[in-house]
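Worksheet for the structure shown next.
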Amino acid sequence: MTGIELININKTFTGSTIKAVENFTLTIPQGSFISLLGPSGCGKTTTLRMLTGLETPDEGIIRLGDKVLFNGETKELVPTEKRGMGLVFQSYALWPHMTIEQNISFGLEMQKVPKEEIAGRIEKIISLLRIEGLEKRYPNQLSGGQQQRIALARMMVLNPHILLLDEPLSNLDAKLRLEMRAELKRLHRELKNTVIYVTHDQMEAMTLSTEIAVMSRGKLQQYAPPMEMYKKPANLFVADFIGSPPMNHFSIADGESLAKTIMPLFPELAEKAFTIGLRPESIMVNPHSTAARENFWKHSAQIETVLPTGSEWIIGLRIDNISFFALLVEDCDYNPGDNVKVVIDPKNFLIFDKEGTRISR
Amino acid sequence: MQNINLKITRAKNTIKNGMNDPTTVIMVILVVVLAYLVIAPIGSMVINTFTVGVRDSSVSGGNVGDITGAFYKRVFNSRVSSVYFYKPLMRTLFVAIMVSIIAIPLGGLLAWFMVKTDLPGKKWMSSLMMLPYIMPSWTFAVVWLTIFKNRRLGGSAGVLESFGFTSPDWLAYGAFPIIICEAFHLFPFAYSLFSNSLKSMDIQLEESARIVGAPRSVITRRIILPLMLPATLSAFLLIFTRVIGSFGTPYILGTGVKYTILPTSLYAAFRSGETGVTAVIAVCMILVGVMLISLDSFLLKDNKRFVTIGIKGSIQRLTPLGIKKPFFVSFVLIVLCVTIFIPLFTLVTSTLTILPGVLTKENLTLVYWIGDTLPSMPGQLGLLRNPDVLGSVVNSLKTAVAAAVLSGFVGIFIGYVVIKKSHSMSGKFLKQISFMPYLVPSIAFAAANISLFAVRRGPVPALYGSMMLVVIVMAVKYLPYASRSGIAAMMQLGNDPEEAAQICGAPWRKRITRIVVPIMKGSLVGGIMLPFITAMKEQSLVIMLATPGTELMTTQVLRYTDYGYMQLANGVVLMIVILIIVFKLVIEKLTGAQATSGLGR
């Protein structure tokens with residue numbers, strides 16, 4: 001069993017008063033694909049670097065299986081070079097003065113793998129990552145996508161139990177990013193190692209991970225599988241951060257009359273409710289009579305904008321005095337100013353209290 | 001009990017963790033050594049300004065070690081203060097202002113021609129403008145003396161003298177030639193400031209003005225010139241700093257008529273053994289230097305907010321010179337002729353002619369290079385056979401290489417530590433301290449080091465008079481170049497490549513030898529090359545450190561001008577320039593790196 005355990009990790013950088021990572025606790029089972037997701041500056045890269053030992057926490061315990069990597073109490077610390085993890089940098093950090101082959105073999109040399117074996121392992125990783133023919137070239141002669149694969153190959157050739165990826169796709173163009181995403185998923189399925197993936201791109205996190213850990217301001221907000229994260233966000237931050245177009249929400253104070261029509265559906269929450277949220281795709285616009293059930297919430301609305309994206313329509317709506325975005329997949333021919341009827345399944349309302357914690361089921 | 005055990009474990013682990021990453025150890029060593037080599041000399045000199053030294057008692061009275069205000073009084077308020085301080089200060093100001101008045105318009109005008117117009121032959125002209133970077137600053141002074149020298153000083157005659165014209169004193173020595181020579185040396189620096197500024201200026205600023213209907217003359221007057229204001233201020237401060245720091249030119253051209261500016265006044269005080277007075281003048285110079293450079297960096301910061309730089313692929317629109325082209329071309333050619341060709345030509349021919357400048361067949365000679373008796377220079381051998389000259393060549397090369405390699409490597413390590421420890425106080429301190437020598441005028445820094453190393457202090461022996469001291473002082477003085485290039489390179493490199501190696505399991509030693517140093521090779525070459533070139537040309541810093549046993553080529557030049565042996569002086573100058581060029585070419589060939597790419601201020 002070589003799962004990872006982070007217990008109560010705290011880290012403040014020298015010269016800063018803000019905690020980069022605060023009371024962070026996370027258990028990562030072996031073989032999972034975890035994403036650390038959050039806006040820039042939320043502490044996800046710092047967490048990753050503490051896992052590798054490139055950064056030292058101020059407090060807390062990091063364990064790999066039953067081996068202690070760091071203990072804030074005893075100051076026990078296993079240095080990076082002895083942790084046997086793999087890390088792919090956002091910048092790739094290929095060594096510019098070495099050929100691709102030398103880049104890949106460097107780690108094996110450091111582990112004193114015999115020469116004959118090195119050649120075989122390089123060959124294997126090169127075919128696994130489909131980068132044949134680049135061995136004698138230098139990094140600056142490769143495209144971004146190729147460099148990315150080399151950076152991956154350089155770490156994977158070492159067979160690390162744990163592979164850490166720090167925003168590995170953010171420097172690639174959209175098409176290549178999609179390809180590499182599929183590639184990463186394939187590799188994970190084949191190699192079955194634990195992958196920890198840092199990203200600020202919710203789409204990447206949603207599509208790749210078995211579990212997502214959303215962070216904000218150094219704190220863990222929620223740790224859950226992707227769909228659970230989407231459907232049952234722990235708080236307003238998570239709800240807001242995940243989803244595109246983003247979730248609609250309004251405070252009850254701002255949309256008082258609108259809230260008065262919704263809140264009777266949730267009598268038990270009347271006391272604490274502060275913000276009401278609604279995913280764009282859960283707004284039905286002029287639905288067929290079969291789709292709208294008796295107990296659904298109904299209201300009139302006015303179309304403000306119509307934004308076709310090709311595969312779907314993003315419709316700007318005004319319901320009462322609040323603006324919403326709805327996401328429709330079927331063809332529609334609304335024009336700004338049209339009056340429509342909106343229908344919503346009450347279970348799709350997300351209700352948050354004053355602190356932003358979700359209180360609806 | 002358990003508590004104590006925990007503490008012991010913690011301490012043990014902390015030490016173990018520290019040993020795993022020697023960056024901290026290196027940082028501590030660098031901080032201690034640099035503090036001693038940068039701060040201690042200045043501190044020791046400040047102490048000298050108010051304590052009676054061994055050779056001082058005739059001025060101050062009292063016993064050695066007593067505290068006294070006599071030196072400040074002597075410099076600022078006594079019979080001799082006008083000679084020691086006020087006159088040199090006023091002259092320094094005067095020279096700096098006059099030099100600026102000549103060099104800034106000249107540099108600015110040339111920059112405009114080269115960057116903004118369709119002047120033909122720009123490429124080789126602009127590469128000629130780089131020449132002053134490898135020529136010693138006082139070359140013009142030596143050439144000037146070669147041409148205009150009159151009988152006031154002994155030794156060989158000037159070129160004009162051999163044509164029957166005796167130049168008046170004002171033309172041969174003092175303020176006028178000093179200003180002209182400094183201006184000729186410095187205008188290319190103003191040129192490069194202006195041309196960089198012009199090149200980085202966003203073309204869209206000009207285009208917007210054209211769109212709203214401004215004619216070209218208005219654009220130049222209302223858009224371009226105001227945007228050049230920061231560069232002008234920078235050029236002025238640069239010239240000021242250089243004039244305060246330059247020793248050779250005022251020494252060669254001013255000493256004969258007792259026209260002293262601050263650096264030569266400091267030297268005179270040092271020569272006459274007035275340690276305390278020397279220290280006071282040096283402290284004043286340092287204060288002025290610090291002031292100038294802080295002002296410059298303050299203005300530069302402002303400048304950044306002022307000009308938007310870096311639009312991708314900005315294309316310069318060139319102003320056609322039209323029918324006036326021949327006029328402008330000849331103007332530029334005349335400038336280049338007067339400032340580059342004539343000096344170089346004089347330098348070369350004077351070493352090949354007996355009556356300087358007379359190019360008749362019977363007057364040509366190689367005697368100054370290989371002869372064994374030289375006309376009117378009793379006891380001297382030709383340059384290539386002269387033990388004094390050859391000795392100085394060896395000394396110069398030895399010290400320059402040692403100092404350059406030392407500061408180059410220290411610079412890289414400073415860059416490494418500063419980037420790795422950028423958050424820590426010591427990292428910031430290290431960065432600051434490695435830049436400090438830049439603020440101190442060379443001759444004042446030398447004076448400070450003499451005051452520190454004149455006697456044995458604790459484990460540090462008295463180094464005055466040794467080659468070692470020359471090397472150390474040079475290496476420290478040039479550290480700002482090397483550490484700037486080291487920090488810039490490390491900044492660009494970032495921590496990632498080293499951390500990637502660490503992830504791959506490489507221990508610290510392997511990371512340094514296999515990753516960091518190989519990647520930094522290019523910048524290391526730059527960090528060595530620039531100090532080397534500067535060291536080969538250095539005069540201000542070494543004039544007080546050189547003793548008969550440690551004579552360098554540059555100080556040898558001064559000895560020869562003192563005697564009036566202009567042919568020999570010129571010969572040594574030529575040798576310096578040739579050695580620099582050869583060294584530069586060889587290094588560039590060997591390493592494939594562009595060594596002068598970091599050249600600048």
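Labels below follow one simple rule: chain letters A, B, ... track the order of the sequence lines, proteins then strands, and each chain is numbered from 1. Note: hydrogens, waters and symmetry copies are ignored here, and every other heavy atom, side chains too, is used. Just so we're clear, the structure is a prediction, and the values are computed from it rather than from any experiment.
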- Any side-chain heavy atom of A:P96 sitting closer than 4.5 Å to one from B:I519? yes
- Query: Around B:F435, counting heavy atoms of other residues, nucleotides and ligands shown, do more than 12 lie under 6.0 Å from its CZ?
  - Reply: yes
- Taking heavy atoms only and a threshold strictly under 4.5 Å, list by residue number the residues of residues 497-506 of chain B that touch chain A; give 'none' if the list is empty. B:P497, B:E499, B:A500, B:A501, B:Q502, B:I503, B:C504, B:G505, B:A506
- Which region of A:R83, side chain (C-beta onward) or backbone (N, CA, C, O), has a non-hydrogen atom less than 4.5 Å from a non-hydrogen atom of chain B, or is it both or neither? neither
- Task: Run the numbers on B:R511 and A:E81 for salt bridge (charged side-chain N to carboxylate O under 4.0 Å, His left out), then give the verdict.
- Result: CA-CA 11 Å; B:R511 300 202 295 271; A:E81 54 269 34; 3.6 Å; yes
- Message: Does atom NZ (B:K421) have a neighbourhood of more than 12 heavy atoms from anything else shown, all under 6.0 Å?
- Response: yes
- Minimum heavy-atom distance between A:K75 and B:R10, given as atom pair plus value: CE-NH2, 3.4 Å
- Backbone N/O of B:R514 and side chain of A:H97: donor-acceptor pair under 3.5 Å: yes
- Task: Go through the steps to decide whether B:K16 and A:E76 satisfy the test salt bridge (charged side-chain N to carboxylate O under 4.0 Å, His left out), and finish with yes or no.
- Result: CA-CA 9 Å; B:K16 202 179 106 200; A:E76 224 171 306; over 6 Å; no
- Item | ring-ring contact (aromatic ring centres under 6.0 Å, His included) pairs, two or more places apart, involving residues 490-533 of chain B | B:F532-B:F583
- Message: Just verifying a value: how many Å separate A:D166 CG and B:D496 CG, rounded to the nearest 0.5 Å?
- Response: 8.5 Å
- Message: Under 4.5 Å from any heavy atom of chain B, what part of A:L77 do you find: side chain, backbone, both or neither?
- Response: both
- Query: If you draw a 6.0 Å radius around CD in A:Q141, do more than 12 non-hydrogen atoms from other residues or ligands fall strictly inside?
  - Reply: yes
- Query: Between A:E109 and chain B, which part of the residue has a heavy atom less than 4.5 Å away: side chain, backbone, both or neither?
  - Reply: side chain
- How many angstroms lie between atom CG of B:L493 and atom CH2 of A:W95, to the nearest 0.5 angstrom? 12.0 Å
- Query: Got more than 12 heavy atoms from elsewhere within 6.0 Å of CD, A:E190?
  - Reply: yes
- Query: Can you tell which of B:T14, B:T9, B:N13, B:N495 has the highest number of heavy-atom pairs within less than 4.5 Å of chain A?
  - Reply: B:N13
- Message: Within the supplied structure, the quantity of interest is the number of heavy atoms (other residues, nucleotides, ligands) at a distance under 6.0 Å from B:K420 NZ; does it exceed 12?
- Response: yes
- Looking at A:L87, A:T14, A:L54, which makes the most heavy-atom pairs under 4.5 Å with chain B? A:L54
